[in-house]
Colleague: 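I'd like to ask some things about the structure below.
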Amino acid sequence: MPTEPQDPIALRPALPADMRAVRGLVEPYAERRILLDKEMVGYYEAVQEFVVATSTDGGTAGDVVGCGALHVMWEDLAEVRTLAVDPAWRGRRVGHALLAALVERARGLGLRRVFCLTFEVPFFAAHGFREIDGTPVTADVYAELLRSHDDGVAEFLDLAHVKPNTLGNTRMLLDL
């Protein structure tokens, strides 16, 4: 599947200066309970996980129009998080380009699997993700992941205390 956006954008690692724009992209989705919002400090703490799409077109050049994060969970596993596109830029393949960049980043890290929790099943399926049941890790890895305080890891493990955040979401996995 081609991942070229239809409009002029550039992808790059996020900078701390981008985090307010990233939160601004997430807010409309968080209000509709599609994405989880977090405190600003959480965005700054995760800045190194983010890739942003910026406009390269005239009057909007430099504006952050999309974002996504890759959170490493284990030696062979990461999660795509916080994939969001400015509503004015939806339908222009910005999300596809961001996801492709995050998957490429996972490959570059030597990971073998990428997880996501999503309402956008057809979008992720078009990129090779498949729906999963259960937790696709060994019992010893599961026990180690239980030690994490990260809600995303708890969502991956399908733990009861995060169920209110995940209702209606589909758990998907991509084998690299």
Colleague: With a 6.0 Å cut-off (strictly less than), is the heavy-atom count around CG of D133, excluding the residue itself, greater than 12?
Modeller: no

Colleague: Does F119 reach the side chain of T170, with side-chain heavy atoms less than 4.5 Å apart?
Modeller: no

Colleague: Do L77 and L111 have side chains that approach each other closer than 4.5 Å (heavy atoms only, starting at C-beta)?
Modeller: no

Colleague: Can you find a pair of side-chain heavy atoms, one from V85 and one from V65, that are under 4.5 Å apart?
Modeller: no

Colleague: Would you check if L99 and L83 make a side-chain contact, meaning some heavy-atom pair closer than 4.5 Å?
Modeller: yes

Colleague: Measuring only between side-chain heavy atoms, which start at C-beta, is V114 closer than 4.5 Å to F129?
Modeller: yes

Colleague: With R113, which residues qualify under side chain to side chain donor-acceptor pair (under 3.5 Å), at least two apart?
Modeller: D76

Colleague: Are D18 and Y43 close enough that a side-chain donor and a side-chain acceptor fall under 3.5 Å?
Modeller: no

Colleague: Work out which heavy atom in L70 is nearest to a heavy atom in A78; give both atom names and the distance.
Modeller: CD1-CB, 3.6 Å

Colleague: Show your reasoning for whether side-chain contact (heavy atoms from CB on, under 4.5 Å) applies to M40 and R20.
Modeller: CA-CA 8 Å; M40 275 305 303; R20 290 196 186 279; 3.9 Å; yes

Colleague: When you look at CZ of R12, are more than 12 heavy atoms from neighbouring residues, nucleotides or ligands closer to it than 6.0 Å?
Modeller: yes

Colleague: Are any non-hydrogen side-chain atoms of V103 and L176 less than 4.5 angstrom apart?
Modeller: yes

Colleague: Which heavy atom of K38 sits nearest a heavy atom of T82, and at what distance?
Modeller: NZ-OG1, 4.3 Å

Colleague: Report yes if some heavy atom in the side chain of T56 is under 4.5 Å from a heavy atom in the side chain of I9; otherwise report no.
Modeller: no

Colleague: Does a side-chain heavy-atom distance below 4.5 Å link V72 with L109?
Modeller: yes

Colleague: Should we say atom CD of Q48 is surrounded by more than 12 heavy atoms from elsewhere, each under 6.0 Å from it?
Modeller: yes

Colleague: Specify the closest pair of heavy atoms between N169 and T118, including all atoms of both residues, with the distance to one decimal.
Modeller: OD1-C, 3.3 Å

